[in-house]
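Input: a single structure, listed below in structure tokens.
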Amino acid sequence: MDQFISDFLSGENTPQLASNFLPYYSTLISKAGSILSQETLTSIQKALQRGKMEDIVGVIQKSLELAENASLDVAVIGESGTGKSSFINALRGLSPEEEGSASVGAVETTLKKTPYKHPKYSNVTFWDLPGTGTPNFFPETYLEKVEFANYDFFIIISSSRFKLNEAVLAQKIKEKGKNFYLVRSKVDSDLYNEEKSRPRSFKKDRVLQHIRDNCLENLSDIGVPEPRIFLISNFDRTDFDFPSLEETLLKELPAHKRHTFALLLPGLSEAAIELKRDFIKEKIWLEALKSAALALFSFMPMISGFDLPEQEKCLHLYQSYFGLDDKSLNEIAENLGISVQDIKSSMKSLNFWLLVKDDSIAANALKCVESYCSKSGGIPSTVFQLFKTYFIQLKFLNAVADDAKLLLQKTLECCSGRE
Ligand SMILES: Nc1nc2c(ncn2[C@@H]2O[C@H](COP(=O)(O)OP(=O)(O)OP(=O)(O)O)[C@@H](O)[C@H]2O)c(=O)[nH]1
Ligand SMILES: [Mg+2]
């Protein structure tokens with residue numbers, strides 16, 4: 001049961017509710033931050049203080065629209081052959097052999113800036129920018145030429161030492177008020193080579209630490225202030241610093257863009273699944289608070305009531321967010337060499353009717369209504385519908401996220417069985 005929304009609906013002690021808002025909200029958000037800016041949260045708190053329902057509805061509505069429609073443009077820069085196109089493919093969840101992937105090769109393939117849209121989220125574009133190592137690269141004019149203002153952040157990739165050109169570029173990006181992230185690619189290959197050349201003394205962690213120290217020393221030598229470095233392999237988005245790079249990007253994006261980026265995270269680790277679950281949960285809660293304010297503001301039987309086709313759409317949307325849509329399941333089945341029916345049979349989130357009929361949903365909604373009615377009487381059916389929608393969306397989300405975790409385990413087991 002959601003105590004805050006219940007208290008809000010009962011209209012008791014508004015100043016107390018307003019002062020509880022921020023501490024309560026901080027328990028709802030992911031460890032990578034909220035989808036609302038501090039400014040928006042303060043506006044909601046102020047509207048709660050004044051008891052202005054229209055304002056609460058307006059602020060939440062506007063910020064959710066902003067979060068849902070936020071575009072994201074990521075610039076990827078580096079010398080030829082460092083793995084820019086491969087990095088873009090990894091972020092888009094595509095292998096180089098798939099249709100629409102950025103072309104990858106041992107010869108110089110990226111000569112002009114090329115946009116790659118995310119296959120699922122069309123408001124996300126990765127930009128493969130021309131190499132920094134070519135004779136035509138002039139750090140003084142580069143950023144203007146590539147229209148730097150259009151990008152949310154810059155990834156600068158190197159597969160060996162970073163060069164002076166890249167340091168100058170990083171400095172210039174900072175001066176323009178944008179963030180850059182230094183990525184050292186191909187560490188899988190360094191490890192492989194090291195193990196081949198020193199099989200007896202080889203220690204993975206030591207080699208990685210050595211690469212990290214070397215990069216940091218090299219970056220401070222060429223004048224990058226307080227350098228941070230992420231060691232990655234484009235062949236494995238779950239290993240090395242790839243997950244921490246994703247989490248850092250998520251944290252450092254403006255709040256309203258986090259929702260868009262969180263949806264991109266593939267369910268390749270339990271941590272990524274949890275992060276995505278938290279972001280969507282935050283959104284469900286905000287929708288519920290908005291509906292509650294709307295119900296109080298207009299005293300009308302709740303907006304659209306409990307609309308089953310809408311709820312079914314919502315379940316499909318969550319399935320797609322977590323890679324449990326038909327297309328993704330077929331691909332996974334093919335990769336694992338098992339039938340899609342086999343995969344589906346162990347999942348609980350695919351059966352819409354079973355989920356909606358779950359007794360706990362109505363029971364939880366009823367509990368909220370009872371607590372609300374004991375304080376205020378009034379519009380119980382509206383409140384019941386509101387909580388029912390809230391609990392069913394949480395039910396969908398949790399069922400889908402739990403299935404995504406099960407599928408991840410299954411995939412990992414299958415892969416380790418093959419090794
Ligand atoms: N081992 C290993 N190889 C990689 C990695 N990333 C890319 N490669 C390989 O490096 C080569 C160049 O990769 P690309 O992604 O085409 O590099 P690029 O920076 O886009 O190159 P240009 O388009 O020429 O500027 C390809 O053979 C890739 O398969 C990585 O993380 N590990
Ligand atoms: Mg390329």
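The first residue of the sequence shown is numbered 1, and numbering continues consecutively from there. Both ligands and their constituent atoms are indexed starting at 1 by order of listing. Because only heavy atoms are used, hydrogens play no part in the values below, and waters and symmetry mates are left out as well, while side chains stay in.
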Would a 4.5 Å heavy-atom cut-off, applied to side chains only, mark Arg206 and His210 as touching? no
Determine whether the side chain, the backbone, both or neither of Asp188 has a heavy atom under 4.0 Å from any heavy atom of ligand 1. side chain
As a test of understanding, state which of Gln319, His316, Lys344 forms a side-chain hydrogen bond (donor to acceptor under 3.5 Å, both in side chains) with Asp326. Lys344
Of the listed options (Ser85, Ser159, Ser80), which comes nearest to atom 20 (O) of ligand 1 when hydrogens are ignored and any heavy atom counts? Ser85
Validate the cation-pi geometry between Lys178 and Phe154: distance from NZ or CZ to the six-membered ring centre under 6.0 Å, angle to the ring axis within 45°. no
Could you tell me whether the Mg ion (ligand 2) has an N, O or S atom of Ser85 under 2.8 Å away? yes
With a cut-off of 4.0 Å, which atoms of ligand 1 are near a heavy atom of Ser189? 1 (N)
Aromatic plane relationship, His118 with Phe126 - under 30° parallel, 30 to 60° tilted, over 60° perpendicular: tilted
Per the ring-ring contact (aromatic ring centres under 6.0 Å, His included) rule, which among Phe391, Phe279, Tyr24 passes with Trp285? Tyr24
So, Ser349 versus Asp403: side-chain donor-acceptor pair below 3.5 Å or not? yes
N or O pair under 3.5 Å between Gly83 and ligand 1: yes
Atoms of ligand 1, numbered as shown, that sit under 4.0 Å from any heavy atom of Ser233: 31 (O)
Heteroatom distance test (Asn234, ligand 1): nitrogen or oxygen, under 3.5 angstrom: yes
Could you tell me, atom by atom, which parts of ligand 1 come under 4.0 Å of a heavy atom of Glu79? 19 (O)
Which is it for Glu217 and Arg161 under the salt bridge (charged side-chain N to carboxylate O under 4.0 Å, His left out) test, yes or no, and what are the steps along the way? CA-CA 10 Å; Glu217 198 183 306; Arg161 292 174 77 74; over 6 Å; no
Out of Ser86, Ala90, Gly81, whose heavy atom is nearest to atom 15 (O) of ligand 1? Ser86
